[in-house]
Amino acid sequence: MTIPDFKLERYFAQYEFKVKYLLSASDCESLSLSELLALASPASRALWDELKLSYTESAGHPLLRAAIARLYQAITSAQVLVAAPEEAIFIAMQTLLQPGDHVIAISPAYQSLYEIARSLGCQVTTWPVLAGAGGWRLDLETLEASFTPRTRLLVINFPHNPTGFLPSQAEFDHILALARQRGCRVFSDEMYRLLEHDPARRLPAVCDVYERGISLSGLSKTFALPGLRLGWLAAQDQAFLERCQAYKDYTTICSSAPSEILGIIALQNAGRIAARSLDIVRQNAGLAQAFCQRHPERFTWLAPQGGSIAFPLWNGAQTVEQFCQAVLDQQGVMVVPGSIFEYPGSHFRVGLGRANFAEALGQVEAFLEGGFF
Ligand SMILES: Cc1ncc(COP(=O)(O)O)c(C=O)c1O
C-alpha cells in the first residue's frame, strides 16, 4: 500500500517542537502526570504503584473498557476496542473497505479519514462543509446525491476538525436516516465530543443510535492526554470489532501498560477533565473572536460550535501562506494555513485549547503592529 504524506502531520513535524507558540494545535492543554495522579482513587493509585510492565490485553484493560463504555448509553465493555486514535482509524478502514468500494467523507478533514480509503483503491466522494456569512453549514441534498449502490461507508466528524462545525440534532438525524435507508456504515470521528461550546447542542454518539455506526474517540483532545496515545472504537457490531482486534496484531498488538492505567484514572474523572478543557476553549474562543473583530480588514471569525479548533478567514492582501510563514519567522508562532487541509480560500486553523493562547495572540498582534502586513 502506498499512501501520500499526511500534510498536517508533516507540517507539525517541521515546527511543533521548535517554535514557542502553537496557535494551531488541536489538543487541549495537557495534564501533567502529577496532576492526573492527584485525581486517582486509592484503588486506581494502587493499580499504578503496583503496575507490572508486561504486555496487556489486546482489546484493552477490562477496567479501561468498562470506563469507556460508561461514556455511552448502548455500549458494553465488549463493544469497545482500545487502540491509539490514529491507529484505530487505520485499522477500521482496513477492516471495512475493499478496492472499488465507494466512500463518502466529510471535507475538509483530518487526512486519514479519507486518505486510507483512497490508498486502498476506494473511490472517495468528499462532502464539503461550506463557509457562509453566518458560519459553517452542510448541504444534505449534496450528501443524498453522493450515495451510489457501491457506497460502503460514510465518514463524519462532529465537532468538526478544522471548522468546529456542529450540525443540529435534526441534521444529524437526517444524515443517519440517509445512511440507514441504504444500509451504509457510518464511521463517526468523535475525538472532540464533550467539547460542545453549548453542552445543550451535544449530539448522541453514533454507536449509541445507529446499529451500523462506529464511534472513534480517545484521550488526546477533550481529555488533554495526547501523550498516552490512547483511543478506542465503540460499535454495536461486535464481529466488526473482533476483526479489528485481529488486525491490531499487525500494528501494536496491545496498548502501553502505563497508558492504560493512567487512562482508567482519567476516565474515572472524565467530567472534571472535560470541564477543565471546555473552560480553556471557551475563554480562548472569546479572545479569538474579539481579536478578529479588532482587525476586520485582516480576519473574519467563523464561530465554532464545538471542539478546540476554529477555521477563520485571512482577508489581508498577502496570501494566507505568506501570513503564516511570516508570523512563524518573525514571532515564533505556528499557524496552519487551510491549504494543508486542501481547502480553498484563505482560511487558517486556530487551536483554542492551549493555556498560552492569549500570549500567542499577543505575538500576532505585535506582528500586525509591526506594519509588515
Ligand atoms: C479529527 C481527528 N481524528 C483523529 C485524530 C488522531 O488523534 P491522535 O493524534 O491522538 O492519534 C485527530 C488528531 O488531531 C483528529 O483531529
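Note that ligands are numbered from 1 as they come in the structure, with each ligand's atoms numbered from 1 the same way.
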Can you say whether the rings of F223 and W232 are parallel (under 30°), tilted (30 to 60°) or perpendicular (over 60°)?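 Because their plane-to-plane angle lies in the 30° to 60° range, the rings of F223 and W232 count as tilted.
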Should the pair F291 and F299 be assigned to parallel (<30°), tilted (30 to 60°) or perpendicular (>60°) ring geometry?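 Rings of F291 and F299: tilted, as their planes differ by 30° to 60°.
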Under a strict 4.0 Å criterion on non-hydrogen atoms, which protein residues are in contact with ligand 1?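 If the criterion is a heavy atom under 4.0 Å, then ligand 1 touches S26, P85, E86, I89, Y110, N157, N161, D189, M191, Y192, S220, K221, R229.
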Should E29 and R276 count as an ion pair when the cut-off is N to O under 4.0 Å?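 Not counted as a salt bridge, because no side-chain N and carboxylate O are separated by less than 4.0 Å.
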Think R185 forms a cation-pi with F240, using NZ or CZ under 6.0 Å from the six-ring centre and within 45 degrees of its axis?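 Yes - R185 lies over the ring of F240, closer than 6.0 Å to its centre and within 45° of its axis.
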Within the 4.5 Å heavy-atom criterion, are Y72 and S217 side-chain neighbours or not?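 Yes - at least one pair of side-chain heavy atoms lies under 4.5 Å apart.
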Can you name the residues that form a ring-ring contact (aromatic ring centres under 6.0 Å, His included) with Y110, not counting sequence neighbours?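 So Y110 forms a ring-ring contact (aromatic ring centres under 6.0 Å, His included) with F6.
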